[in-house]
Amino acid sequence: VSRRRAMAWTLTLVSVLSACAVQEQQQARIQNGDEVPFGLLDEAAPPLLPPTPGSITEGVSLCFLEGDRLRVVVSALRSGTDLTDVVGALAEPPDDQDTELRTAIGDPPLVAEVTLAAGVARADLLPAITSLSGDEQLLAVAQLVCTLTGQPGVGPVSFTLEGADVDVPRGDGSLTSEPVSRDDYANLLGSDFASSGGAG
């Protein structure tokens with residue numbers, strides 16, 4: 001009797017496993033060769049890799065100088081570029097056939113890092129900015145403020161010098177340690193700002 005029971009359990013188990021196997025097979029589907037993505041069946045084909053971060057470019061608004069006026073230029077930078085890299089792109093103005101653009105932020109770099117907290121961008125300046133004349137310091141700060149306030153999520157801009165609070169010039173020449181906006185440099189904005197939304 002025990003042998004019959006054992007055989008009965010064995011048959012039951014085989015039946016259950018067979019039923020599972022049939023269900024698994026019914027869920028599978030054989031892919032025709034012409035439906036397989038190109039190169040996937042090729043043993044010599046390279047492995048499929050995810051897209052490289054930052055490989056896509058996007059238009060970023062940068063502010064350069066046309067004489068002593070600010071002018072916006074849209075440049076292609078890597079998608080997801082942080083604010084420090086955006087400011088770094090100000091070091092060399094693009095070639096423009098219509099006018100000669102320049103920058104007050106050249107070599108050596110004037111900014112160590114730019115961070116963003118609660119909508120306020122903080123630009124930490126390097127001592128190299130003190131080697132500029134007063135007029136060039138003003139234009140450099142104006143370029144930074146104009147560029148940073150044109151980036152998504154950025155409101156006013158505050159400045160430090162090697163981590164310590166520092167006074168920066170406004171467009172009218174007055175000094176402040178408070179965060180500044182594009183409105184503080186309205187007298188330096190070129191005519192193209194009127195058509196692009198004005199100071200923000």
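- Residues passing the side chain to side chain contact (heavy atoms under 4.5 Å, CB included) test with P127, sequence neighbours excluded: E162.
- For R102, the salt bridge (Lys or Arg N to Asp or Glu O under 4.0 Å) test picks out E136, with sequence neighbours left out.
- For residues 141-154, the set of pairs meeting the salt bridge (Lys or Arg N to Asp or Glu O under 4.0 Å) definition, not counting sequence neighbours, is empty.
- Of all the heavy atoms in A128 and P109, the pair that sits closest is CB-O, 3.8 Å.
- Looking at residues two or more places apart in sequence or on another chain, you find no side-chain hydrogen bond (donor to acceptor under 3.5 Å, both in side chains) involving D165.
- Every pair passing disulfide bond (SG atoms under 2.5 Å apart) that includes a residue from residues 107-173 is listed here, sequence neighbours excluded: C63-C146.
- Separating the CD1 atom in I105 from the CD atom in E92 is a distance of 13.5 Å, to the nearest 0.5 Å.
- Under the salt bridge (Lys or Arg N to Asp or Glu O under 4.0 Å) criterion, no residue pair touches residues 120-132, with sequence neighbours excluded.
- The minimum heavy-atom distance between V154 and L83, with the atom names listed, is CG2-CD1, 4.1 Å.
- If you check the side chains of D172 and S174, you find a donor sitting under 3.5 Å from an acceptor.
- Between G155 and T149 the shortest heavy-atom distance is O-CG2, 3.1 Å.
- From R182, atom CZ reaches atom CG of L148 across 10.0 Å, with rounding to the nearest 0.5 Å.
- A search for side-chain hydrogen bond (donor to acceptor under 3.5 Å, both in side chains) contacts involving T103 returns Q143, not counting sequence neighbours.
- Remark: R170 pairs with D184 by the salt bridge (Lys or Arg N to Asp or Glu O under 4.0 Å) rule, at least two apart or across chains.
- Nearest approach of L139 to L65, heavy atoms of both residues: CB-CD1, 3.9 Å.
- Among all heavy-atom pairs drawn from L132 and A104, the shortest one is CD1-O, 4.0 Å.
- Under the side-chain hydrogen bond (donor to acceptor under 3.5 Å, both in side chains) criterion, E66 pairs with T99, not counting sequence neighbours.
- Other residues, nucleotides and ligands place more than 12 heavy atoms under 6.0 Å from the CD atom of E58.
- Residues satisfying the side chain to side chain contact (heavy atoms under 4.5 Å, CB included) criterion with V74, sequence neighbours excluded, are S61.
- Note: T147 OG1 to F64 CZ = 7.0 Å, rounded to the nearest 0.5 Å.
- With sequence neighbours excluded, the residues that form a side chain to side chain contact (heavy atoms under 4.5 Å, CB included) with A142 are L70, Y185, L188.
- Nearest heavy-atom pair across A121 and L116 is N-CD1, 3.7 Å.
- For D85, the side chain to side chain contact (heavy atoms under 4.5 Å, CB included) partners two or more places apart in sequence, or in a different chain, are R78, T81, D82.
- Within the 4.5 Å cutoff, side-chain heavy atoms of L144 are placed close to those of L125.
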